[in-house]
Amino acid sequence: MKTHVKALVVGGGAVGTSIAYHLAKAGWQDVMLLERDELTSGSTWHAAGLLPLFNMSYATTHIHKYSVDFYKTLEEETGLNAGFAVVGNLRMAQTQERMDEYMLYASTAETCDVPYVFLTPEEIKDRWPLIRTEDLKGALYHHTDGYINPADVTMAMAKGARQRGVMIERKWQADAFHWTGDAWEVTATRMVEKGGNLVPSEEQIVITAEHVVTASGNHAQRTARMLGIKMPAIPVEHQFIVMDQDPELVEFRKDHPEHPVIRDADAQSYVREERGGWILGVYEKNAPARFEYGVPDSFRADLFQLDLDRIEEQYMAMNHRMPSAENCGLKDDFNGPICYTPDGNPLVGPAPGLRNMWLAEGFSFGITAAGGTGHYLAQMMVEGEAEIDMASLDPKRYGDWMTTEFAARKNEECYDHVYILHHPDEERPACRPLRTAPAYDRQKALGAQFGFVNGWERPNYYGPLDAPDNFDHDSRSFRRGGWWRYAVEEARAVREGVGLIDATAFTKHVVKGPGATAFLDWFTCNRLPGVGRINLTYALTAAGTTRTEYTIVRLGQDEYYLVSAGAWTAYDADFLRKAAEDKMGEFGYIEIQDVTSQWGVLAIAGPKSRDVLNEIVRDADPATVLGNKRFPWLSMRNIELGMCPVRAIRVAYTGELGWELHHPIEMQNYLWDHLMAAGAKHGMKLVGARAQNWLRQEKSYRAFGTELGRDATPLEADLPRFVDLSKAFHGKAEMQAKGIRSTCVTLLIDGPGDADPWGREALYHGDKRVGRLTSGGYSVVFEKSIGMGYVSPELAVPGTRLKVRMLDQLWDAEIVEDSPYDPKNEGIRKDA
Ligand SMILES: Cc1cc2nc3c(=O)[nH]c(=O)nc-3n(C[C@H](O)[C@H](O)[C@H](O)COP(=O)(O)OP(=O)(O)OC[C@H]3O[C@@H](n4cnc5c(N)ncnc54)[C@H](O)[C@@H]3O)c2cc1C
């Protein structure tokens with residue numbers, strides 16, 4: 001057995017096998033896969049093999065689509081038939097709201113080139129008369145997916161991998177990982193059978209690997225402990241049952257093709273054919289998390305006891321939907337561990353704090369995702385970046401605050417939520433509140449309805465003071481929800497008066513030391529600000545695309561305060577720290593501190609914001625202290641608001657006159673009360689994140705995670721004013737080499753009147769699809785829908801008429817100039 005390899009993949013389920021295959025396909029030699037037992041002996045062997053082609057996420061849909069296309073090619077390549085039944089997938093809706101959801105699904109599908117059609121109940125009945133349709137509103141049907149045999153597809157990938165030189169070693173368990181500085185030493189133990197258990201033997205070897213990928217499925221918690229990191233990948237029980245033959249189905253099939261996979265989301269179940277009978281899979285309530293502290297030796301390719309009581313409701317619902325199933329006996333059952341994460345997306349990408357350690361863990365749709373994960377992860381490892389933005393799958397989207405208890409309870413919730421209505425304004429309740437800024441109770445008492453941002457509670461909007469507990473839940477919609485009018489009032493208050501926004505969740509880092517200036521100059525693409533000044537800038541990936549957006553405040557000659565998006569603290573910290581470590585030898589000592597939890601942020605914005613601050617500013621003459629001369633736009637000053645020392649930053653993400661008031665977190669309530677008292681005289685309104693998101697679109701401010709990400713360069717985001725081409729910076733040559741593949745634009749949209757886009761919709765020019773929205777909302781200034789997105793560069797001209805597909809119809813839209821509201825920034829620059 002080889003002991004020096006380029007890449008070592010740990011885990012021989014569908015995911016690990018695909019990664020090994022794709023690394024070899026991408027040209028890496030000396031790829032080895034270790035499997036502690038037999039290939040597929042984890043969750044893979046008992047999966048139902050469904051391949052749902054798309055979901056709400058753009059990145060995941062790309063991953064699933066790649067898999068489906070790739071699996072179709074495997075037989076030709078390997079000679080092994082993976083049992084891919086391309087029977088299609090029928091998502092049925094019992095309510096109009098579910099149809100609305102499918103129309104939003106269809107938007108994502110369309111932008112990822114996944115074909116679909118909508119069917120009426122009559123059309124469904126015509127094609128599949130065994131399905132009861134009188135209580136259906138319709139269905140979304142996509143004919144190119146279906147189901148596959150999970151073990152067979154894994155074996156086909158394993159054969160393909162071996163053909164490309166991958167070494168697959170079974171009965172070897174990775175037991176320890178040691179980083180030498182330029183390679184991993186992985187201690188592997190030979191596993192042996194003992195009394196039906198699989199146990200470690202005395203035989204061990206050390207394998208030196210340049211890169212390691214872990215794809216350890218249900219063993220993720222053990223893997224995390226060995227690596228010294230936290231991973232929120234914990235399995236939950238998942239059941240499906242197999243029914244005896246259904247005579248009516250057998251009869252029907254004599255002259256008809258197989259049924260598509262039938263998803264009755266409102267009944268939390270999926271059904272597919274299996275040898276003349278049906279398989280019923282369910283996402284029921286109260287499925288427990290398992291293996292929170294590791295998988296026992298006694299659990300191998302095993303299953304849990306079936307819990308029929310738990311799935312009775314869904315079983316009855318199947319009999320309602322497929323009446324012919326009612327008299328079929330139960331032939332077989334499966335209750336296996338299915339790995340989950342709190343948001344349902346797997347953890348794919350670089351491990352936090354570690355070099356050349358890649359995670360591919362936490363897969364709940366691992367058969368569907370395996371192919372695409374292998375493809376895109378191999379791109380990241382071999383080329384430095386994937387062609388799609390993998391941030392939504394990055395393992396570092398959870399920070400140090402994440403615990404085992406949080407992961408287990410959230411994963412149970414995520415499982416339970418698989419088939420709920422996935423409103424884009426959904427907020428899930430489990431494990432909350434967890435991270436609260438001091439003013440949380442005050443905000444709650446004032447009607448705040450909170451969103452969950454990286455564990456933090458952040459007001460989304462302020463509803464009525466006497467709102468019942470389920471107010472926010474009942475306000476959700478695929479159209480304009482019950483919260484919409486509150487956000488409209490908040491947005492207007494900022495444009496016309498003054499609003500106060502809690503932005504405490506922002507990520508904040510201090511970068512200082514003798515090497516800090518040269519480092520940041522290299523690390524980011526805009527010129528660095530002078531002392532006391534601020535710049536907006538971007539750190540790029542090695543591929544020249546946007547890795548992180550920073551507001552950089554220069555506190556001193558070699559001391560900087562970096563503010564970035566709230567959802568991405570660990571993601572940003574890891575990138576920054578690793579880059580600084582790499583460059584310290586060249587630039588000198590650089591100290592990096594994550595000060596996110598030390599600083600609260602309250603942002604005040606609107607034409608009257610200076611008037612409010614003037615009431616309480618105490619360190620200098622209020623008549624001049626906040627005037628343009630002493631405190632110009634894009635500058636920072638330490639001021640005192642009453643007794644609170646404040647690092648005030650004159651920027652406003654809303655595009656109005658405003659300041660971000662960064663303050664010691666323990667003084668937040670003092671500052672809050674003080675601001676509220678001063679603001680009352682000026683009609684100050686509390687404003688949540690939803691209104692802010694609309695306001696920033698009126699100013700064409702790109703947001704990280706939507707317009708800004710690892711699939712576009714800052715030049716494609718049309719931000720040349722923040723890119724200093726006269727200097728050298730990380731990713732510059734790659735950014736320039738990419739050219740402009742598509743361009744970010746702002747659009748005003750004449751939509752349906754009861755709905756705004758969510759930022760997933762396709763854009764058309766005539767009958768040609770030319771781009772997609774990445775953000776959407778409502779403009780209080782223009783009194784119509786607004787959106788931002790990417791289109792072919794030649795169309796990115798103000799005045800171009802496009803169409804947006806929303807709710808399955810095309811609506812007029814026009815590309816407008818950048819910053820359609822106050823393009824000259826007169827409001828922001830307004831003097832005292
Ligand atoms: C009942 C049920 C039905 C399902 N149906 C579907 C479906 O229809 N479609 C779908 O897409 N998904 C489905 N799933 C989910 C799917 O099974 C998983 O997402 C998928 O199998 C995960 O693959 P994996 O490779 O990540 O993990 P696994 O298949 O669990 O593989 C991990 C492997 O790593 C090995 N390993 C762990 N630690 C070590 C170590 N230290 N050293 C060496 N080897 C190690 C394990 O032995 C194991 O073989 C279903 C799951 C269940 C329970």
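Note that ligands are numbered from 1 as they come in the structure, with each ligand's atoms numbered from 1 the same way. Quick note: residue numbers are just sequence positions, from 1. Worth saying up front: this structure is predicted, and the values here are computed from it rather than measured. Values below: all heavy atoms of this structure, side chains included; hydrogens, waters and symmetry mates excluded.
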Using a heavy-atom cut-off of under 4.0 Å, does the side chain or the backbone of [X] touch ligand 1, or both, or neither?
X	result
Ala215	backbone
Val10	side chain
Gln239	neither
Ser364	backbone
Arg36	both
Tyr147	neither

List the closest protein heavy-atom neighbour of [atom]: residue, atom name, distance to the nearest 0.1 Å.
atom	value
atom 17 (O) of ligand 1	Ser43 O, 3.2 Å
atom 9 (N) of ligand 1	Leu50 O, 2.9 Å
atom 22 (C) of ligand 1	Gly366 CA, 4.1 Å
atom 34 (O) of ligand 1	Gly11 CA, 3.2 Å
atom 33 (C) of ligand 1	Glu35 OE1, 3.5 Å
atom 11 (O) of ligand 1	Thr368 OG1, 2.7 Å
atom 42 (N) of ligand 1	Ala174 N, 2.9 Å
atom 53 (C) of ligand 1	His46 CE1, 3.1 Å

Assess whether a salt bridge exists between [X] and [Y], defined as any Lys/Arg side-chain N lying under 4.0 Å from an Asp/Glu carboxylate O.
X	Y	value
Asp416	Lys285	yes
Glu169	Arg190	no
Asp297	Lys194	no
Lys171	Asp37	yes
Asp175	Arg222	yes

Under 6.0 Å from the [atom1] atom of [X], do we count more than 12 heavy atoms belonging to anything else shown?
X	atom1	value
Glu313	CD	no
Gln29	CD	no
His417	NE2	yes

Considering the heavy atoms of [X], write down every atom of ligand 1 situated less than 4.0 Å from one of them.
X	answer
Gly12	33 (C), 34 (O)
Arg222	41 (N)
His219	37 (C), 38 (N)
Gly217	27 (O), 30 (O), 32 (C)
Trp172	43 (C)
Ser41	49 (O)
Ala48	3 (C), 4 (C), 5 (N), 6 (C), 7 (C), 8 (O)
Phe240	1 (C), 3 (C)

Indicate yes or no: does an N/O atom of [X] lie under 3.5 Å from an N/O atom of ligand 1?
X	result
Phe334	no
Met226	no
Pro337	no
Thr223	no
Gly49	yes
Asp37	no
Ile338	no
Ala360	no

Determine the interplanar angle of the [X] and [Y] rings, folded into 0 to 90°, and report it as parallel if under 30°, tilted if 30 to 60°, perpendicular if over 60°.
X	Y	value
Tyr71	Phe84	perpendicular
Tyr415	Tyr283	tilted
Phe291	Phe299	perpendicular

### Message
Among Trp28, Trp184, Phe177, exactly one meets ring pair (Phe, Tyr, Trp, His ring centres under 6.0 Å) together with His211. Which residue is that?
### Response
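Option passing the ring pair (Phe, Tyr, Trp, His ring centres under 6.0 Å) with His211: Trp28.
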
### Query
ring pair (Phe, Tyr, Trp, His ring centres under 6.0 Å) between His62 and Tyr58: does it pass, once the steps are laid out?
CA-CA 6 Å; His62 273 286; Tyr58 187 69; 4.7 Å; yes

Ring centres under 6.0 angstrom apart ([X], [Y]):
X	Y	answer
Phe252	His259	yes
Phe70	Tyr21	yes
Phe334	His238	no

Who's closest to [atom] heavy-atom-wise, of [options]?
atom	options	answer
atom 14 (N) of ligand 1	Ala188, Gly336, Cys339, Ala47	Ala47
atom 31 (O) of ligand 1	Ala301, Gly13, Pro235	Gly13
atom 2 (C) of ligand 1	Glu169, Glu361, Gln173, His238	His238

#### Entry: Lys410 vs Thr341, side-chain hydrogen bond (donor to acceptor under 3.5 Å, both in side chains): CA-CA, chis, key distance, verdict
CA-CA 7 Å; Lys410 269 305 216 196; Thr341 62; over 6 Å; no

### Task
May I have the step-by-step check of ring pair (Phe, Tyr, Trp, His ring centres under 6.0 Å) for His142 and Tyr105, ending in yes or no?
CA-CA 11 Å; His142 32 123; Tyr105 269 118; 8.6 Å; no

